[in-house]
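Notes follow once the structure below has been shown.
The sequence lines fix the lettering, A, B, ..., with proteins before strands; numbering per chain opens at 1.
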Amino acid sequence: MSSTSPATTTAPTGFSEEAFETFLQGRDEPGWLVDRRREAFARFKAFAWPTSRDEEWRRTDVRAFKLDAFAPPALHEPGPAAKAAFEPLWKSLSSHYGTGVAHVDGAVVRKPDPASLGGAVFVDLETAVKDHPEILRKHLLTDVVKPSDDVFAALHGAFWSGGSLLYVPEGVKVELPLFSIAGLSADGRVDFGHTLVVLEDGAEATLVRETASVGRGETPGLHVGALEVLQGAASKLTLVNIQNWDDATWHFTRERAVVGKDASLQWTVGALGSRLSKVNQEVALAGEGSAAQVNGVMFTTGRQHLAYFTRQDHQAPHTTSDLLYKGGLKDRSRVVWKGMIRVEKDAQRTDAYQKNDSLILSDSARADSIPGLEIEANDVRCTHGATAGRVDEEMVFLCQARGIPRATAVRLIVEGFFANVYDRITLEPVRETLRRAVAEKLGNS
Amino acid sequence: MLMSKVLRIENLRVAIEGKEILRGVDLTIKQGEVHALMGPNGSGKSTLSYALMGHPNYEVTGGSVTIDGEDVLGMEPDERAKAGVFLAFQYPTAIPGVTVANFLRHAVTNVRNPERKEGQDLIPMRDFRKEMRQEMDELGMDHEFARRYLNEGFSGGEKKRAEILQLAMLRPAFAVLDETDSGLDIDAVRIVSEGVNRVSAKHSTGVLVITHYERILTYIKPQFVHILFGGQIVEEGGPELVKQLEAEGYDWIRAKYPEAARLAAELEASQQDQGVGV
């Protein structure tokens, strides 16, 4: 990869020992971090590659994915064309939000403006290694996401490169939403970005993360990522992930938020792109009185395969979680959603909700929706459900009876299907982005 | 004024799931006329309205429907709406997530520009909103109503008002009102009827009021009354026919047309079994 990089002339392909050593040599990182990477790499080597016998891979066939066709991320400057390709997205997000960070092919190309952070720290992760080692030593891949979680978490732990740290000190409220862009260009094709968000007690922030590809579908891309969120008491976080890679990109990520006492989290996921996704998205209600709302908008076309494993871990009393995932499926695409609400013994007075609705727009599309509950407390309210259906012909007829042609009627009905999840999202530009993305994917059949 | 159009239904035969419900219906409506179609349950009144609008479950097995000689039965439902046919539903379907305003803006845009291609601009929001608010005021509707999702969680009265709002905005040449009075209290019947009268006076709409009660007909006064029974129109007359039904009920019809009575009873029973309207 990276023909634009002078530093990677003889980089071996694949994720071998040799490739790992080359990767480490190129980075000049402190000993504690190198040790952690080595430990993660050892775990990666020890894990068996997933097969259809593993529960989370039973419905998701990764045999077509060849890890060794990719190389580890290299520190390099993306070419001017690759950089320029993401400028429109940068401009658009800058017009809606405050400051942001952008990576192209895993290398940072835009850094946040510290002047608009009001005392918070928002930096790319390589800078954070140098300037905020104490935060990273404490929280990076230690308790929220761990390399021992699975083979991709271990791979990520060994090779993470790029990404960002958002640290909001006690009582600090970041007024404007922050954003990050991860882009894959036709030259690079590999992103191993890591995002770490730490909110101290009473802190407030909004972070919008978007991914995008240029040169749609020409060459395969790979993202192996992780997102870690730690929220202190009474903190408030609004978090958005919009995954919109092209349909030649493989997307593996593990994302977990640990929500402290009386803290609240609103987490919105737009799952739109990738050839194949395997995502574990988890919220842990760790402090008494904590609350999380999770919103998912999925839309798949072509032969996309998106597998999402959501988990709502209630660990403390009086905690609330409310998850609503909605998906539209076209063509031969497939969505697997498996949800779990887990309520621990001490988590009395838990109120948990979990719902997944799918709208099947073609005979060849398929949605597997598997809600789950594991409850050990006895004084809780947990509701779960899943629906899958076609566009209702009575609705189409009503539209047509009012002069609206069938194709427009279907579009209105599909957009309407997502409305109750949009209605929960408090950021207008996010609602607009998701609406537009769904309309675009619906249109190009 | 534009030239007056004529909707002509001739010997129309319609089946649902292979079962013939309409057995040759003839009915001609000119723009500006008010007709009432009456008849007991199971006589085929709703079948006529759905077949006119082109619902896919209603199979036309014979006869014709034309507007000024142009075939309607070959048209898709949206083409029928553009040709000037409107059906106010007895039980309009809810469309979750689609607001009344958004739905109506699409409807009005398409009906007023029949040649419009998918994806072309909608009518300007300002003009549309102004017109919609005027019509809502006439119907005594709160403007907030436009932001609600179409028919979702609407009361019976709200649904009927929303239907009349659509009628007013779409200004059809012909409007079929399918049991628009059912489930409404007397004040709501009056408001809805006044709305229909206003629209029909303004746009010279030909109105077909389908009902099995006389109540709505004291507000929307028909010049022509037809009694549908056993899938055929068995009696026709003027407003005096309404008076006669009010005084005597349908028993004399049943006595006069025993074969139709047998079919109507059979249909009413199967309708109750299946929970579908005929």
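Scanning all heavy atoms of the two residues, the minimum distance from P77(B) to A401(A) falls at CB-N, 4.2 Å. Pairing each heavy atom of Y149(B) with each of A419(A), the nearest pair is OH-CB, 3.7 Å. A pairwise comparison of heavy atoms in N110(B) and G403(A) identifies CB-O, 3.0 Å as the closest pair.
Options P56(B), P96(B), P92(B) differ in how many heavy-atom pairs under 4.5 Å they form with chain A, and the most are formed by P96(B). Of the listed residues E393(A), R406(A), R402(A), the one with more heavy-atom pairs under 4.5 angstrom with chain B than any other is R402(A). Taking G97(B), A83(B), P172(B) one by one and counting their heavy-atom pairs under 4.5 Å with chain A, the maximum is reached by G97(B).
Under a cut-off of 6.0 angstrom, the local environment of NZ in K159(B) is crowded, with over 12 non-hydrogen atoms contributed by other residues, nucleotides or ligands.
For a residue to count as touching a neighbouring chain, one of its non-hydrogen atoms must lie under 4.5 Å from one of that chain's; by this rule I95(B) touches chain A with backbone and side chain alike. Residue contact with chain A, scored on non-hydrogen atoms closer than 4.5 Å, involves the side chain of E163(B) exclusively. Contacts between L104(B) and chain A at a heavy-atom distance below 4.5 Å are absent for every atom of the residue.
In this structure, CG on L398(A) lies 6.5 Å from CD on Q166(B), to the nearest 0.5 angstrom. Atoms CD and NE2, on E394(A) and H55(B) in that order, are 3.5 Å from each other to the nearest 0.5 Å. Rounding to the nearest 0.5 Å places SG of C399(A) at 8.0 Å from CG of L150(B). Remark: H106(B) NE2 to T408(A) OG1 distance equals 6.5 Å, nearest 0.5 Å.
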